[in-house]
S.K.: 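Sharing a structure, written as structure tokens. Questions coming.
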Number of protein chains: 2
Amino acid sequence: MITLRPAAAWTAALILLVAPIVAMADDLPSWNDGAAKRNIIEFVTAVTTAGGPDHVAPADRVAVFDNDGTLWGEQPMYVQLAFALDRIKALAPDHPEWKETEPFRSVLAGDLAGVAASGEKGLVDLVGVTHAGMTSDEFTGIAGDWIDTARHPKTGKPYTSMVFQPMLELIAYLTANEFKVFIVSGGGIEFMRPWTERIYGIPAENVVGSSIKSRYNDKGGKPAIVRLPEVDFVDDGPGKPIGIYSHIGRRPIAAFGNSDGDFQMLEWTTSGPGRTFGLIVHHDDAEREYAYDRNSHFGKLDRALTEGPRRGWNIVSMKNDWNKVYPR
Amino acid sequence: MITLRPAAAWTAALILLVAPIVAMADDLPSWNDGAAKRNIIEFVTAVTTAGGPDHVAPADRVAVFDNDGTLWGEQPMYVQLAFALDRIKALAPDHPEWKETEPFRSVLAGDLAGVAASGEKGLVDLVGVTHAGMTSDEFTGIAGDWIDTARHPKTGKPYTSMVFQPMLELIAYLTANEFKVFIVSGGGIEFMRPWTERIYGIPAENVVGSSIKSRYNDKGGKPAIVRLPEVDFVDDGPGKPIGIYSHIGRRPIAAFGNSDGDFQMLEWTTSGPGRTFGLIVHHDDAEREYAYDRNSHFGKLDRALTEGPRRGWNIVSMKNDWNKVYPR
């Protein structure tokens with residue numbers, strides 16, 4: 001029989017307790033030690049432990065991430081809305097009639113309340129002008145060029161540098177553990193695809209989002225895919241499980257979001273059989289990023305904040321759970 | 001200076017010429033030596049040769065395969081149609097009214113001409129009854145059970161054993177060369193997904209197909225995705241480039257089909273920049289499989305057979321280019 005002196009026993013116990021913390025420090029260094037980090041690692045360990053009761057085959061290790069507010073910022077407005085407004089300004093010289101027509105008049109006057117007042121009709125008009133009427137290749141070029149040059153109004157940084165470092169670590173950690181990682185965003189699918197692989201390591205085909213209709217045009221020489229000014233699919237709220245069904249074809253086992261638009265995605269994921277994981281990023285860090293939730297115009301988080309905890313979802317405090325927000 | 005005797009020089013020349021044939025024999029043993037096999041290997045070698053003029057980064061090595069008639073048989077009727085007819089028969093005892101209602105009456109009477117006479121309306125009714133009205137999980141179970149037990153009317157074999165061995169080798173060869181391989185089929189996306197990974201090694205999320213609408217239902221306890229009797233997307237003909245744009249988000253560099261429904265997919269693929277590859281399987285083997293093309297009800301191949309060669313597409317003769325049709 002081996003007996004340890006009390007001090008040695010305490011040391012051994014501490015090493016056993018601390019060891020997982022040390023191991024996880026390598027994978028998720030921007031996450032403070034706490035319940036969220038511990039739960040992430042415990043879940044990933046459980047589903048990847050061969051022969052364990054919660055083991056999930058790699059093919060079924062599907063993780064889905066919202067984009068706006070979850071992987072990058074969404075204040076003071078959705079990045080894609082900033083893109084649309086910039087496009088209107090760039091196209092305005094060719095459209096003198098916009099000075100008299102809503103929602104374009106408000107956009108050009110910098111009057112966001114006026115844009116909002118134009119309602120869904122106004123939004124569809126904006127999308128039609130800025131996202132449709134060109135070929136797929138042209139739009140990819142336009143969106144890609146914009147994201148390379150546009151700057152956030154508050155920080156002056158490129159939007160793609162304002163992605164959340166703890167979430168990048170999480171994506172890499174899941175990928176290293178043979179998860180298939182997808183973006184499932186209310187944002188436009190083709191707006192994201194030009195840069196998700198470079199910024200997040202998530203390839204274009206693993207991006208699910210809202211879309212407009214398009215048409216194959218084989219007239220007049222070179223065939224092309226032409227984008228049409230008509231909404232095809234809204235990948236938000238109850239649309240997210242549908243987008244997942246259509247694009248991925250399996251129920252995820254882990255879902256990450258930040259707003260009520262992610263509610264059904266987390267609900268669908270965490271009501272599946274076996275071990276599942278749900279996580280909500282709560283923007284409560286006015287100093288390093290923004291603080292908003294129940295009353296925000298963008299990324300409203302109300303129902304999920306109330307119901308999340310009793311559904312077993314992890315509510316992550318940006319302020320307390322993250323020791324770093326941006327990559328640099 | 002080294003001089004070879006004439007006989008040795010011939011031997012050396014022969015070895016040089018024969019070497020590629022020997023190398024490719026390992027990857028594509030069911031393909032006879034000939035232009036199609038040579039072109040496949042030459043293309044794959046060109047796009048995977050680092051530093052070569054035709055090199056394509058792995059992320060952009062997207063290959064798309066039609067399913068019906070390209071990866072498995074489609075005679076005497078599409079497998080999914082056989083599934084729908086079997087479902088009608090299975091459900092008929094609960095629907096006595098079907099004995100008096102088309103297209104169900106014709107289905108139950110085994111009168112395919114009568115089914116065809118019911119036109120598009122009849123087809124939509126068949127799809128509505130056999131593919132909608134249940135949850136996503138229920139449909140996956142129904143389709144999966146059927147494919148496990150159904151038998152081909154001529155051979156008595158499971159449909160999943162009547163996949164084309166040369167195409168399985170091609171998928172494996174492309175995958176080994178870091179291609180991302182997708183199915184882009186006119187068939188139903190959720191009909192294929194339960195078994196494509198097991199049979200082809202192509203995971204569910206890499207399957208693009210036709211679809212009906214569905215709705216997220218969070219009423220009454222367990223959330224579910226409910227399948228609706230309404231066509232959402234037809235992934236055939238000009239729909240295939242659109243399905244590719246929506247699901248994959250990149251233009252493929254290689255496309256494989258067998259019918260005019262694949263024309264636009266091959267056109268879109270082979271009109272892209274850089275090296276591309278198009279291939280059409282021509283069913284000209286009445287002895288080992290079926291012989292049909294310009295006048296077939298299923299898998300009609302007319303325009304692509306005429307225009308394919310001058311577009312540089314490889315027309316594969318099942319009879320002459322394949323030394324084996326099925327895995328066993």
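Quick caveat: nothing in here was measured; it's all calculated off a predicted structure. Throughout, a chain's letter reflects where its sequence line sits, starting with A, and its residues are numbered from 1.
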S.K.: Can you name the residues of residues 269-280 of chain A that have some heavy atom under 4.5 Å away from a heavy atom in chain B?
M.R.: A:S271

S.K.: Counting a contact as any heavy-atom pair under 4.5 Å apart, which residues of residues 130-143 of chain A contact chain B?
M.R.: A:S136, A:D137

S.K.: Checking side chain to side chain contact (heavy atoms under 4.5 Å, CB included) against A:E205, which of B:H247, B:R250, B:E205 comes through?
M.R.: B:R250

S.K.: What residue in A:N206, A:I189, A:D232, A:I242 has the most heavy-atom pairs under 4.5 Å with chain B?
M.R.: A:I242

S.K.: Report all side-chain donor-acceptor pairs from residues 214-225 of chain B shorter than 3.5 Å, counting only partners two or more places apart or in another chain.
M.R.:
| unit_1 | atom_1 | unit_2 | atom_2 | d |
| --- | --- | --- | --- | --- |
| B:Y216 | OH | A:E267 | OE1 | 2.7 |
| B:N217 | OD1 | B:K219 | N | 2.9 |

S.K.: Any residues in residues 168-184 of chain B near chain A, with a heavy-atom distance under 4.5 Å, and which are they?
M.R.: B:K180, B:F182

S.K.: So, B:R193 and A:Y245: side-chain donor and acceptor under 3.5 Å apart, yes or no?
M.R.: no

